[in-house]
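Letters go in sequence order (proteins before strands), and every chain restarts at 1.
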Number of protein chains: 2
Amino acid sequence: MTSEQRRARRVTLLDVAREAEVSRATASLVIRKSPLVADETRRRVEAAMDRLGYVYNMGAAGMRAARSNTVGVIVPNLANPFFAEMLAGIEQALEGAGMVVVLANSREAPANQETILRRMRERGVDGVILCPVAGTRPALLGKAAGWKLPVVQALRHVSESECDYAGVDYAGGMRQAVEHLRALGHRSIAFGTGGPVHSAYRERLAGFCAAMEARGLDPGVTIELPVAPPFPPEAARRLIDHPARPTAAICFSDVMAACLANSFADAGVAVGAGFSIVGFDDLAVAEMARPRLTSVATFPGEVGEAAARLLLSRLESPERGDRRLISLTRLVARDSTAAAPARD
Amino acid sequence: MTSEQRRARRVTLLDVAREAEVSRATASLVIRKSPLVADETRRRVEAAMDRLGYVYNMGAAGMRAARSNTVGVIVPNLANPFFAEMLAGIEQALEGAGMVVVLANSREAPANQETILRRMRERGVDGVILCPVAGTRPALLGKAAGWKLPVVQALRHVSESECDYAGVDYAGGMRQAVEHLRALGHRSIAFGTGGPVHSAYRERLAGFCAAMEARGLDPGVTIELPVAPPFPPEAARRLIDHPARPTAAICFSDVMAACLANSFADAGVAVGAGFSIVGFDDLAVAEMARPRLTSVATFPGEVGEAAARLLLSRLESPERGDRRLISLTRLVARDSTAAAPARD
DNA sequence: CTGAAAGCGCTTACAG
DNA sequence: CTGAAAGCGCTTACAG
């Protein structure tokens, strides 16, 4: 279809105005539901719109009004359910405000992220919700500020200040996990880490160490794990043979926890009674694993919603101070944790 | 920020042209990388753009050119990893073509879907990739055609004809599953269904029945299951006590299969040796479950990519005939299926 | 409450 | 290869 053919068909506001025998400005007021228009006029215009099959052109409107009602969302890994849930939360909140999501997947690469940001500027998004990739240069946020592009960080953040952020009290979550295990009698607790190093990584790790130390426990037993299957079959062995003789492990994510649990099962150790495992995020897999995984819920959908609200409020008041919305976690106890086994 | 403040800062093509001492049309040609511009002129214009911090305004360009380089993607359930993977495939393919995804979640409700479609028209998307909700009226596609809005259906379809479609040979997948079990000696095979009834549902069911009948087996043993956890603990019992004494089950999805497997384990029946279970889609959960799930891979990411390619080709040639891209499935044998137990 | 005019930032013919 | 003019479809002041 050439652009001429397309355009030839297009019904514009002027057509509607003529059909309804009013001016273009009046027709525009009707569309925007202004109270300035007489009821009878409004009805006439609406009837004309129906008759002509008029479709509002937000692009043209936005160009004049310098607004696109569009928000860019940049996630580091679209296929990860954690981010998919955050995205769903964002979409729902923005949809309710009449805004639309322009989506991009940075695939955890800083270069992609920069390209995406430039493209989003060219498309005139009103703001961006950014889940920054590991290794994002802090200067990026300053640049965005210079561009007058409102940015809200979600789930991860690049710098402590200078930007709105909707996140999770990861350290609090780690405290809950450590406390849960301690109350069950565990004293030697390992930490399963892995994946790219970003603020959420650092906060979980620091939170674990702080919580352990606060209870006089050694935070030094860690095990590096891959973030996704397939999983090294010897993972459990490494913990079983560890000189610190850990009786439990807290993992960075539910996927890691589920895989580690499988590794223990394969090694003939009963998860729960024999070795306790705590996951993080409480995704669907925690409920589906056997034994069901005890996990620290982080509610990514709600964080997404909070990020959307932060952005909407920023668009309302561009000059307000930066805000940080940190949601609390909740430990969901299931079957992968149990009292520490008696040791000789 | 008022629109005036915003606009005051904006650097336009005219500014660039003046700075580079050329006309606006020439500057426009440089942006669009036209070969008509002399190298020296091009360099001058590019330097001016850099100096001024010029940002291309795609909205304005699109308005004149009647193109937005934007594609609407409508998924029925964003939080479902199956659709998240499709989305990732779409995003990657469109990104490579310089297009951007406008995302909407219909939440499996026809009313939402209609609203979304209207909004996408207003935003002037160049086309839509639609994963239609169950219960979509077939007239919808005709309406879209009347609007001159290119639509590609993905993973599900509303009507047999009149629209591009990127999908999966679900029937073939069912044939592979049935054949796999039959080769292992199973004769009584149950079918685990559930969830909304759409084309993918019907094609899986019909495919199962056809494959069973082709082998002289009874396709009548079905069990209704929920699509997500929590799962009814008695699910396995219903199959164990079934008069047809099934020795295996094929499920609609991996999640259902994993849950059913757990239900068997809870009932003390070893999945694999005692009862065989086949999942569908081969999502990450299949690899993570214990025993690992035998599953029919449907590659939703590749289907998304195919849908994106269909849409791009449709934008190239609006008058070409409708195309259907049906990708093949692959059975991935793991540990949840084994030889049928000997029966007395 | 309604109308005529200008302008948002670009591209598209049309001349030269 | 470059320039001057018109126009994409809307909203925004400004009059009345």
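- Closest to the B/R64 side chain, of the nucleotides C/dT2, C/dT12, D/dC10, is C/dT12.
- Proximity of A/M49 to A/V45: side-chain heavy atoms (C-beta onward) are separated by under 4.5 Å at one or more points.
- Among the candidates A/L311, A/I90, A/V125, the single residue satisfying the side chain to side chain contact (heavy atoms under 4.5 Å, CB included) test with A/V71 is A/L311.
- Note on A/T26: every side-chain N or O is 4.0 Å or more away from OP1 and OP2 of C/dC1.
- Nearest nucleotide to the side chain of B/A61, out of C/dT11, D/dT2, C/dT2: C/dT11.
- The CG atom of B/N57 sits 6 Å away from the C1' atom of C/dG9 (whole-angstrom rounding).
- Within 4.0 Å of A/A25, counting heavy atoms only, lies at least one base atom of the nucleic acid.
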Detail all sub-3.5 Å separations between protein N/O atoms and N/O atoms belonging to nucleotides 14-16 of chain D.
none

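- Here the side chain of B/T12 is nearest to one of C/dC10, D/dG9, D/dC10, namely C/dC10.
- Between A/R67 and D/dT11 there is no side-chain polar atom (N or O) within less than 4.0 angstrom of OP1 or OP2.
- By the side chain to side chain donor-acceptor pair (under 3.5 Å) test, A/N105 pairs with no residue at all, sequence neighbours left out.
- The side chain of A/S23 approaches C/dT2 more closely than any other nucleotide in the set D/dT2, C/dT2, C/dC10.
- Side chain of A/A38, nearest nucleotide from C/dT2, C/dG9, C/dG7: C/dT2.
- Of the listed nucleotides (C/dT11, C/dG9, D/dT12), D/dT12 has the atom at the smallest distance from the side chain of A/R32.
- Rounded to an integer number of Å, the gap from CG of B/L29 to C1' of D/dG3 is 11 Å.
- With A/R44 contributing its side chain and A/A20 its backbone, the two residues share a donor-acceptor pair below 3.5 Å.
- Between B/R323 and B/R309, every side-chain heavy-atom pair lies at or beyond the 4.5 Å cut-off.
- Annotation: side chain of B/E114 is in contact with side chain of B/L140 (closest heavy-atom distance under 4.5 Å).
- B/T136 is not listed as a side-chain neighbour of B/R156, based on a closest heavy-atom distance of 4.5 Å or more.
- Remark: DNA chain C forms stems of 3 or more consecutive Watson-Crick or G-U wobble pairs, all pair distances under 3.5 Å, at C:1-3 with D:14-16, C:5-12 with D:5-12, C:14-16 with D:1-3.
- For A/S28, no side-chain nitrogen or oxygen approaches OP1 or OP2 of D/dC10 to under 4.0 Å.
- Side-chain atoms of B/R123 and B/T70 include no donor-acceptor pair closer than 3.5 Å.
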